[in-house]
Amino acid sequence: MKKFFVLAASAFVLFSCAKETREETVSGNQVTYHVEIAGITKAELVNGGDATHVNLKWKEGDKLAFKFSDNSVQQGSVAFDGDEAHVSVKAPSGTTLTDCWFPFSEEKPTAIPVNQSAATINFPLVMSSISGNKVTLSALVEDWAMVRVSLKKGSMGDARKLKYVKIKNNNGAAKPDLIQISTTATLTDDVLTFDFVVPAAECKPLEIIVGDSNGLEYRRKQAANFTLEKGKAYQLPVIADVDDTGRHIWFMGSGSATANAAETPILYWWKQSGTNSSTTIDTDNMAYNDGYSTITMDDKASAKTDFQAWVCAMFNKFYSADGASRSNARDKNFPVYATQNGNGQIPFVAVHTGNYPFFAIKMSNPANYGSSRKIRLQTDTREALDGLSAEVFVDGIGNGDNKYSYLEGYESEDETVIYYNLSTAIIGGKGVLPNTRVIPFKTWQLRFYDVHYDTAQDSAPTFNLYWAGFFNSVKELETFAAAH
């Protein structure tokens, strides 16, 4: 049994066939044209496995372009007389109408528009005939589809005031592969919809990009390629996490608990005692200074030529600077990613690469240590818990050692900034993190696990950590690094 949808007037409204021609000339050069569409009058709305059809009609205020014999282009807005669509426009004296198209632009469209409008469906139409004051339009392109992007306010941070919404098919052969709707809307608890007319082609894969007025950009990419079929409209799931989910900044050193309290689900990074699997803090080899923490590496073989250190953001426990367990975990901000244990703790850090895909660290430059070195940002997601399936992203970010990049301008600095792009980095054999949801991580470790010196050192080397965190873009990281 088919389901039928009743859509709001502002949604999926484009065109209909009118009954008869009505010619009218008023106030000198003011001419009213009767406009109608030839050909396709409906698109298929894809809703899961159930496909229904909806009529697409002219909407009050849709703007058309009229070109006259003097080459001037005038804009006219659709109005209704009953169910007939009319557009009143001022024709220059002594001219005749020579062309017409929709949506309005100074130049006649040749394809699906790259810049579209939130106020109307941007299905490109061009004139196929004129008969008196009756203008008939037809589809400009045959291989078109429609995609609806739905957004609402997230639960973390302030509501975003939008600047644009983009849709990208990542298929360079299907132009335009990037289409933008500019907007000044603010996200609320009510769903906002943005309807895109796109090429009917394979998406490799489909990607949604949302920009806000603060210059931040949020990306959501589908997990697999799929093909948009011509004449069909696709409604995507509502995106409700364009917000601060995944934003964490840690400041290192004395007083960092206070500095970090508003930003992070745990308060301290700490040095593990022994190997990476240890849950014991090494209080003797991590010092908290004013503005930074100093980590002393371990001698791997008592030869003072090979050293290691394991520094952890979280590993199923919360620690204070003096090594004592803490019970004031950040459970108020992160209640949905795990169950609270007996101390009210939630031992996972929420990573969301759609919102904050760049992880960066300000630290002593790794190039200054040893004649060779292996440094790895190692991750370990959670096991199955309370009905939530186990995650599978375990291993080094970048699938190996020394996979970080230097922030431009910091390559040779003793106090440098390195970063990882979590939107592209493969993790072990499990691929790139999906950017459509939170990934709860059980560990987030910086491993200096093989720092080699050609000659024995008088004392174990040390390095400093100043801050670490997740950033929306390299530009945001550059701004933060310049200020800190």
Side-chain angles (χ1 to χ4, degrees), residues 250-254 256 266-325 359-380 394-404 406 410-420 428 441-468:
W250 290 273
F251 294 98
M252 310 300 180
S254 58
S256 58
I266 60 170
L267 302 185
Y268 289 97
W269 279 49
W270 49 282
K271 182 179 181 295
Q272 292 159 265
S273 178
T275 65
N276 65 294
S277 60
S278 171
T279 59
T280 302
I281 190 169
D282 185 353
T283 56
D284 293 332
N285 290 303
M286 187 161 185
Y288 294 91
N289 307 300
D290 185 13
Y292 64 96
S293 297
T294 300
I295 293 88
T296 301
M297 297 187 194
D298 298 320
D299 185 357
K300 291 180 66 174
S302 299
K304 291 195 174 182
T305 57
D306 292 283
F307 297 88
Q308 67 182 12
W310 317 82
V311 187
C312 194
M314 181 180 291
F315 194 65
N316 286 349
K317 290 186 178 181
F318 293 82
Y319 291 91
S320 65
D322 59 4
S325 295
F359 177 74
I361 310 167
K362 183 176 181 180
M363 62 180 296
S364 300
N365 196 327
N368 295 341
Y369 295 91
S371 56
S372 65
R373 68 209 60 83
K374 293 180 180 178
I375 300 171
R376 179 179 295 192
L377 186 63
Q378 183 82 9
T379 64
D380 183 11
V394 178
D395 211 333
I397 292 178
N399 200 18
D401 305 319
N402 305 324
K403 296 296 185 179
Y404 54 83
Y406 282 102
Y410 288 82
E411 298 90 337
S412 301
E413 297 293 323
D414 289 339
E415 298 173 5
T416 192
V417 177
I418 63 173
Y419 69 91
Y420 295 80
F441 279 88
K442 183 172 69 175
T443 65
W444 197 262
Q445 297 173 322
L446 181 65
R447 298 186 177 185
F448 284 69
Y449 71 95
D450 194 355
V451 177
H452 176 74
Y453 288 83
D454 294 332
T455 59
Q457 302 300 294
D458 292 335
S459 58
T462 64
F463 63 91
N464 298 329
L465 296 179
Y466 297 86
W467 50 255

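For the numbers below, each heavy atom of this structure counts, side chains included, while hydrogens, waters and symmetry mates do not. No experiment lies behind these values; they were computed from the predicted model shown. Sequence positions, counted from 1, serve as the residue numbers for this chain.
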Taking the side chain as everything from C-beta on, heavy atoms only, tell me whether [X] gets closer than 4.5 Å to [Y].
| X | Y | value |
| --- | --- | --- |
| F359 | L377 | yes |
| Q378 | D395 | yes |
| M252 | Y466 | no |

For this session: Give a yes or no on whether the ring-centroid distance for W467 and Y292 is below 6.0 angstrom.
Result: no
Exercise. Given the side-chain rings of F307 and F448, with only the six-membered ring counted for Trp, is the space between their centroids under 6.0 Å?
Worked result: no
Problem set entry | CZ on F251 to NZ on K362, rounded to 0.5 Å | 10.5 Å
Problem set entry | Pairwise distance SG(C312) to CG(L446) - rounded to 0.5 angstrom |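 One gets 10.0 Å once the value is rounded to the nearest 0.5 Å.
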For [Y], is there an ion pair with [X] - N to carboxylate O distance below 4.0 angstrom?
| X | Y | result |
| --- | --- | --- |
| D401 | R373 | no |
| K271 | D284 | no |
| D299 | K304 | no |
| K300 | D306 | no |

Problem set entry | Parallel, tilted or perpendicular, as decided by the 30° and 60° cut-offs, for the rings of Y449 and W310 |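 Ring orientation of W310 relative to Y449: parallel.
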[Y] backbone acceptor or donor facing [X] side chain under 3.5 Å:
| X | Y | value |
| --- | --- | --- |
| T296 | T462 | no |
| E415 | E413 | no |
| S364 | N464 | yes |
| S293 | G253 | yes |

Exercise. Quick one: do the N368 and N365 side chains pair a donor with an acceptor below 3.5 Å?
Worked result: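 No, because no side-chain N or O of N368 sits under 3.5 Å from a partner of the opposite role on N365.
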Where do [X] and [Y] come nearest, in terms of heavy atoms and distance?
| X | Y | answer |
| --- | --- | --- |
| S371 | D454 | OG-OD1, 2.9 Å |
| V417 | A360 | CG1-CB, 4.4 Å |
| Y419 | Y406 | CE2-O, 3.7 Å |

